[in-house]
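What follows is a set of notes on a single structure, which appears directly below.
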Amino acid sequence: MHSIPDSNLSVTIGKIKLKNPVMVASGTFGFGEEYEDFFDLNQLGAIIPKGISLKPMMGNPPPRIFETEGGILNSIGLQNPGFQDFIKNKLPYFKKIKTHLIINFFGNTQREYAELARRFDEVPGISGLEMNISCPNVKQGGIVFGSDPKMAYPLVREVRKATKLTLIVKLSPNVTDIGLMAKCVEEAGADAVSLINTIRAMAVNIHSRKPELGNILGGLSGPAIKPIALRMVWEVSQKVEIPVIGMGGIMKAEDAIEFILVGASAIQIGTANLIHPKTGIEVINGIKKYLIQNKIESVRELTGLFKT
Ligand SMILES: Cc1cc2nc3c(=O)[nH]c(=O)nc-3n(C[C@H](O)[C@H](O)[C@H](O)COP(=O)(O)O)c2cc1C
């Protein structure tokens, strides 16, 4: 086998047929346009722009990014232009792009989550929604829902009722039992789960004796979190029937393949985009190469091939 047909890289998540399993993660790829000079964005399986809320958000006080060994800490605080501005000024760009657009969104209340889902449901050009119930950097919302199954279940159920779009629920690693959370959102009607969001963390400057981040706490991402993310994806994929989308420290094709082997149907690239913008395209090519070298017909077959 020297080559494989493109269709052997395609995967299905809910109602979305992706040309390949590689997406770019929310918050690490701007609104797409910022990356167009680096490679042909149409080659990606999907683009997930920065998370959107009903109203614009200013985010947290600076500094909001701090580099650690093997990762980065961020406390952006979900800064975003809000629904209306996104539709007017950011969405038109995606009309030119022929890959799927998945909208990452969040609210402070159940009503806000459902309202946003309802509004996006009516907007043409959107393939699916990724519901963030896991951001550690905002006081309200996000993590409050994402760490308690009793809150997550009714929230996802309400959002499910509000949209016919494919609904992906993004899980927080800041929980004791991520398998339980995944099962709970599956029962509430999610079409897929994505994981992991960043891990709550901090850094201290010993000279000023102050925190390195303006918000004190932030979320850790990058290679440092990969083994944890991998363990969580493995646990979740054994618990649920719906597709699992894995992320956390994927820097190269081999990392992505590890996630697929332990059960991910697709993967997302986050922090790597900030370091090497072409990572997405290299991961697609690397997965293709691995399939050919190992005589595995399709990426769908690779999912869960992990041997214990
Ligand atoms: C600067 C930055 C901003 C982020 N913003 C969002 C966001 O708006 N919504 C969201 O769901 N996740 C957000 N994330 C989390 C990433 O999408 C991803 O889940 C996480 O970084 C783990 O993957 P990685 O190690 O490949 O970066 C952000 C991450 C970073 C580093």
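Treat the numbers as computed from the prediction; the structure is a model and nothing was measured.
Between the side chain of T163 and the backbone N or O of R160, no donor-acceptor pair lies under 3.5 Å. A donor-acceptor pair is defined here as one N or O able to donate and one able to accept, closer than 3.5 Å; such a pair exists between the side chain of H100 and the backbone of K17. A donor-acceptor pair under 3.5 Å is absent between the side-chain atoms of E36 and the main chain of G32, judged by distance alone. Of the possible polar contacts, one joining the T303 side chain to the A264 backbone as a donor-acceptor pair under 3.5 Å is found. At least one donor-acceptor pair closer than 3.5 Å links the side chain of N8 to the backbone N or O of E297. For the pair N42 (side chain) and K98 (backbone), a donor-acceptor distance under 3.5 Å is present. Using a distance-only test at 3.5 Å, with no hydrogens or angles considered, no donor-acceptor pair links the side chain of S221 to the main chain of N197. Although no hydrogens or angles enter the test, the distance criterion places no donor-acceptor pair under 3.5 Å between the side chain of N215 and the main chain of S75. At least one donor-acceptor pair closer than 3.5 Å links the side chain of T99 to the backbone N or O of L44. Distance alone, capped at 3.5 Å, is enough to place a donor-acceptor pair between the R64 side chain and the N60 backbone.
Smallest separation of non-hydrogen atoms from G218 and L73: C-CD2, 4.0 Å. Shown here for S147 and V175, the closest heavy-atom pair between the two residues is CA-CG1, 3.6 Å. When every heavy atom of I133 is checked against every heavy atom of Y113, the shortest pair comes out as CA-OH, 3.8 Å. Of all the heavy atoms in A182 and V236, the pair that sits closest is CB-CG1, 3.6 Å. What you find for P149 and P154 is that their closest heavy atoms are O-CD, 4.5 Å. Of all non-hydrogen atoms in V22 and N20, the two that sit nearest each other are N-OD1, 2.9 Å.
Contact annotation: the side chain of S172 never approaches that of I199 to less than 4.5 Å [non-hydrogen atoms, C-beta and beyond]. Put simply, the side chain of H276 reaches to within 4.5 Å of the side chain of E282, judged on heavy atoms. Under the 4.5 Å side-chain criterion, counting only non-hydrogen atoms from C-beta, M202 is not in contact with P211. Looking at I4 and K289, their side chains never come closer than 4.5 Å, going by heavy atoms from C-beta outward. In this structure, I65 and I76 have side chains that are in contact, with non-hydrogen atoms separated by less than 4.5 Å. Within the 4.5 Å cutoff, the side chain of I48 has heavy atoms near those of the Q268 side chain. The side-chain heavy atoms of Y93 and K96, taken from C-beta on, include a pair separated by under 4.5 Å. Between V299 and I287 there is a side-chain heavy-atom pair separated by less than 4.5 Å.
Residue E67 places its CD atom among 12 or fewer non-hydrogen atoms of other residues, nucleotides or ligands, all under 6.0 Å distant. For NZ of K95, the number of neighbouring non-hydrogen atoms (other residues, nucleotides, ligands) closer than 6.0 Å is greater than 12. A 6.0 Å sphere centred on CG of N205 holds more than 12 heavy atoms belonging to other residues, nucleotides or ligands. In this structure, I216 places its CD1 atom where only 12 or fewer heavy-atom neighbours from other residues, nucleotides or ligands lie under 6.0 Å away.
Between the side chains of S26 and E130, not a single donor N or O lies within less than 3.5 Å of an accepting N or O. Side-chain atoms of N80 and S53 form a donor-acceptor pair, as typed in the model, at a separation below 3.5 Å.
Salt bridge annotation for R119-E115: present, with a cationic side-chain nitrogen under 4.0 angstrom from a carboxylate oxygen. In summary, K15 and D191 do not engage in a salt bridge, as defined by a charged side-chain N under 4.0 Å from a carboxylate O. Electrostatic pairing of D121 and K164 counts as a salt bridge here, judged by a charged N lying under 4.0 Å from a carboxylate O.
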side-chain contact (heavy atoms from CB on, under 4.5 Å) between R118 and V159, worked out:
CA-CA 8 Å; R118 202 169 297 117; V159 169; over 6 Å; no

Chi angles and distances behind the side-chain contact (heavy atoms from CB on, under 4.5 Å) call for L91, V123:
CA-CA 10 Å; L91 188 67; V123 179; 3.3 Å; yes

Given side-chain contact (heavy atoms from CB on, under 4.5 Å), test R300 with V11 step by step and report yes or no.
CA-CA 7 Å; R300 298 171 304 274; V11 296; 4.1 Å; yes

Could you go through V169 and F145, starting from their C-alpha distance and side-chain angles, then the distance that decides it, and tell me whether this counts as side-chain contact (heavy atoms from CB on, under 4.5 Å)?
CA-CA 11 Å; V169 178; F145 294 108; over 6 Å; no

Let me see the working for N273 and T28 under side-chain hydrogen bond (donor to acceptor under 3.5 Å, both in side chains), right down to the final yes or no.
CA-CA 6 Å; N273 295 314; T28 65; 3.2 Å; yes

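Checked against side chain to side chain contact (heavy atoms under 4.5 Å, CB included), Q43 has the following partners two or more places apart in sequence or in another chain: D40, I281. D37 is linked by a side chain to side chain contact (heavy atoms under 4.5 Å, CB included) to nothing, counting only residues two or more places apart in sequence or in another chain. Residues satisfying the side chain to side chain contact (heavy atoms under 4.5 Å, CB included) test with F38, not counting sequence neighbours, are Y35, P277, K278.
If you chain together ILVMFWY residues whose side-chain heavy atoms come under 4.5 Å of each other, M247 ends up in a group of its own.
A continuous path of ILVMFWY side-chain contacts below 4.5 Å connects Y290 to I292, so both sit in one hydrophobic cluster. Residues V240 and Y153 do not share a hydrophobic cluster, defined by chaining ILVMFWY side chains whose heavy atoms lie under 4.5 Å apart. M251 and V24 fall into different hydrophobic clusters, defined by Ile, Leu, Val, Met, Phe, Trp and Tyr side-chain heavy atoms under 4.5 Å apart, directly or through other members. By the criterion of side-chain heavy atoms lying less than 4.5 angstrom apart, applied directly or through intervening Ile, Leu, Val, Met, Phe, Trp or Tyr residues, V233 is grouped together with F306 in one hydrophobic cluster. Both L305 and I245 are members of a single hydrophobic cluster when ILVMFWY side chains are connected at heavy-atom separations under 4.5 Å.
Atom CD1 of I72 sits about 9.5 Å away from atom OG1 of T198, to the nearest 0.5 Å. In this structure, I267 CD1 and I250 CD1 are separated by 4.0 Å, a value rounded to the nearest 0.5 Å. Rounding to the nearest 0.5 Å gives a distance of 11.0 Å between CZ of F259 and CE of M232. Residue M181 holds its CE atom at 11.5 Å from CG of L195, rounded to the nearest 0.5 Å. Taken to the nearest 0.5 Å, the CG atom of L129 stands 12.0 Å off from the CD1 atom of I52. Here NZ of K183 is found 15.0 Å from CD1 of I178. Values are rounded to the nearest 0.5 Å.
Within the structure, side-chain hydrogen bond (donor to acceptor under 3.5 Å, both in side chains) contacts touching residues 245-266 (residues at least two apart or in different chains) are K226-D255, K226-E258, K252-D255. Counting only residues at least two apart or on different chains, the salt bridge (Lys or Arg N to Asp or Glu O under 4.0 Å) pairs with a member in residues 227-242 are R231-E235.
Tested against F83, the residues F120, F105, F106 include a single ring-ring contact (aromatic ring centres under 6.0 Å, His included) partner, F120.
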